[in-house]
Amino acid sequence: MIVMYVFETYLDLRQHTALKLPTLPKTLVGVISQEKFEKSRAYSLDKSHFHFVHEFVTILMDSAILFFGILPWFWKISGGFLPMVGLDPENEILHTLSFLAGLMTWSQITDLPFSLYSTFVIESRHGFNKQTIWMFIRDMIKGILLSVILAPPIVAAIIVIVQKGGPYLAIYLWAFMFILSLVMMTIYPVLIAPLFNKFTPLPDGDLREKIEKLASSLKFPLKKLFVVDGSTRSSHSNAYMYGFFKNKRIVLYDTLIQQCQNENEIVAVIAHELGHWKLNHTTYSFIAVQHTVIPLQHLVSFGLNLVSRAFEFQADAFAVNLGYAKDLRPALVKLQEENLSAMNTDPLYSAYHYSHPPLVERLRAIDGQDKKTD
């Protein structure tokens with residue numbers, strides 16, 4: 001754990017050095033304004049400083065917990081708590097739930113100062129945060145209540161599988177987690193996400209017609225097209241799709257619509273997302289994630305990032321081949337500007353941490369693909 005912290009801190013230092021560069025990459029000169037670059041640079045450096053502090057405190061706490069045997073000690077304490085509320089301390093499921101409830105409480109308490117600082121200092125300082133303290137607390141309470149509702153049956157099922165799985169334990173556990181992932185992917189956007197954001201159908205008009213026409217031309221089974229009120233919490237923008245089989249949905253952040261005045265730029269972003277579907281990237285990624293081995297988490301994560309980056313280039317090329325090169329390019333630039341994403345990135349840091357290639361690389365690839373198409 002400490003070795004990984006040292007290695008990742010080395011990469012963070014390389015990235016911090018890149019962020020301090022006072023000039024734009026040559027590819028972005030004349031594309032990104034100097035004002036936006038300075039804002040992006042200040043935002044990225046603020047987040048970088050915060051990241052150093054957060055990671056240092058985290059490694060100190062995690063190391064202390066392991067070194068002083070806090071987890072075994074807390075396991076005993078959590079078991080001793082059960083008779084005080086009239087529950088059987090020998091019941092492994094109840095004991096585990098008591099243990100996890102304590103860990104969740106500890107995690108909430110220790111992470112709260114960092115969450116508050118990130119949201120109400122850094123994000124507010126750079127004009128992104130739109131939350132009130134009440135909204136922040138309300139979301140936190142909702143998250144805790146969801147954990148209280150969902151965690152017990154899942155934990156209980158895992159313990160029963162471990163108790164009764166025998167020599168086929170690994171297979172049964174994998175099957176359960178696989179099915180659970182499918183169920184959560186299905187119910188999250190329908191039942192859970194609406195608890196935190198409001199989803200409304202995209203109004204009739206040119207934008208809706210263009211997106212529906214694009215989806216139809218690709219035989220994408222679009223059932224619903226939503227706008228989510230992301231602006232109530234942040235001015236960051238995004239778009240995504242979800243759903244299984246013939247029940248696909250596309251969600252646009254209202255901030256994306258506000259920031260991209262040219263509707264074709266929004267459609268170009270959707271063309272990129274549909275490229276992931278058409279090229280079966282979602283399926284490949286899901287299967288890969290299911291085979292993640294915890295002890296090799298960092299190595300597997302790095303490999304998945306490389307695959308994801310390749311998929312992003314392919315999805316960009318897909319949108320270019322559909323004729324959206326001249327709209328995709330300014331759309332990506334605008335998203336980079338409005339989100340104040342880092343303009344200068346260290347190549348090693350980027351390869352290790354970024355699931356999406358830096359803007360410079362994507363623009364270069366789009367230009368190359370556009371020339372091939374011509």
For [X] versus [Y], what's the shortest heavy-atom pair and its separation?
X	Y	result
Ile122	Asp46	CD1-O, 3.9 Å
Arg233	Asn129	O-OD1, 3.6 Å
Tyr253	Ala239	CD1-N, 4.3 Å
Asp254	Asp229	OD2-CA, 3.5 Å
Arg41	Lys20	NH2-O, 2.8 Å
Met104	Ser147	SD-CB, 3.7 Å

With a 4.5 Å heavy-atom cut-off, do [X] and [Y] have their side chains touching?
X	Y	result
Tyr10	Arg14	yes
Leu169	Val162	yes
Glu361	Tyr354	no
Leu252	Ile270	yes
Val360	Asn344	no
Glu8	Tyr352	yes
Phe199	Pro189	no
Arg138	Thr132	no

Q: Dump the intermediate steps for side-chain contact (heavy atoms from CB on, under 4.5 Å) on Glu338 and Lys36, then the final yes or no.
A: CA-CA 8 Å; Glu338 297 299 329; Lys36 285 291 184 182; 3.9 Å; yes
Does any N or O in the side chain of [X] come within less than 3.5 Å of the main-chain N or O of [Y], such that one atom is a donor and the other an acceptor?
X	Y	answer
Lys210	Val267	no
Ser63	Leu60	no
Ser98	Leu94	no
Ser216	Glu212	no
His272	Ala319	no
Asp88	Glu90	yes

Is the count of non-hydrogen atoms from other residues, nucleotides or ligands lying under 6.0 Å from [X] atom [atom1] greater than 12?
X	atom1	answer
Phe81	CZ	no
Tyr168	OH	no
Ile133	CD1	yes
Phe52	CZ	yes
Met84	CE	no
Lys224	NZ	no

[X]-[Y] co-clustered via ILVMFWY side chain contacts under 4.5 Å:
X	Y	value
Tyr5	Val53	no
Leu195	Leu145	no
Leu71	Leu97	yes
Leu11	Leu306	yes
Tyr172	Val155	no

Interatomic spacing from [atom1] in [X] to [atom2] in [Y] - rounded to 0.5 Å:
X	Y	atom1	atom2	value
Gln163	Ile161	CD	CD1	10.5 Å
Asn264	Tyr324	CG	OH	7.0 Å
Gln15	His353	CD	NE2	8.5 Å
Ile192	Ile187	CD1	CD1	4.5 Å
Ile250	Leu222	CD1	CG	5.0 Å
Ser44	His51	OG	NE2	13.0 Å

Q. Would Ser107 and Asp111 count as having a side-chain donor-acceptor pair, cut-off 3.5 Å?
A. no
Q.
So, using side-chain contact (heavy atoms from CB on, under 4.5 Å) as the criterion, who are the partners of Phe68 when residues are at least two apart?
A. Ala64, Ile70
Q. Is it true that Lys334 and Glu337 make a salt bridge, defined as a side-chain N closer than 4.0 Å to a carboxylate O?
A. no
Q.
Whether Lys39 and Glu35 form a salt bridge (side-chain N of Lys/Arg under 4.0 Å from carboxylate O of Asp/Glu) is what I want to check.
A. yes
Q: Sequence neighbours left out, what passes side chain to side chain donor-acceptor pair (under 3.5 Å) with Ser48? Give chain and number order.
A: His16
Q: Decide side-chain contact (heavy atoms from CB on, under 4.5 Å) for Val57 and Phe114; before the verdict, give the C-alpha distance in whole Å, the side-chain angles of both, and the deciding distance to 0.1 Å.
A: CA-CA 10 Å; Val57 173; Phe114 294 104; 3.8 Å; yes
Q) Going by the angle between their ring planes, with limits at 30° and 60°, are Phe128 and Tyr43 parallel, tilted or perpendicular? A) tilted
Q: Begin with the C-alpha distance, continue with both residues' side-chain angles, and end with the deciding distance and a verdict on side-chain contact (heavy atoms from CB on, under 4.5 Å) for Phe311 and Gln314.
A: CA-CA 5 Å; Phe311 286 170; Gln314 291 176 10; 3.9 Å; yes
Q) Between Thr96 and Trp75, is a side-chain contact (heavy atoms from CB on, under 4.5 Å) present by the stated rule, with each step listed? A) CA-CA 8 Å; Thr96 303; Trp75 174 262; 3.7 Å; yes
Q. Glu312 and Arg309: salt bridge (charged side-chain N to carboxylate O under 4.0 Å, His left out), yes or no, with the steps?
A. CA-CA 5 Å; Glu312 290 301 317; Arg309 288 161 69 96; over 6 Å; no
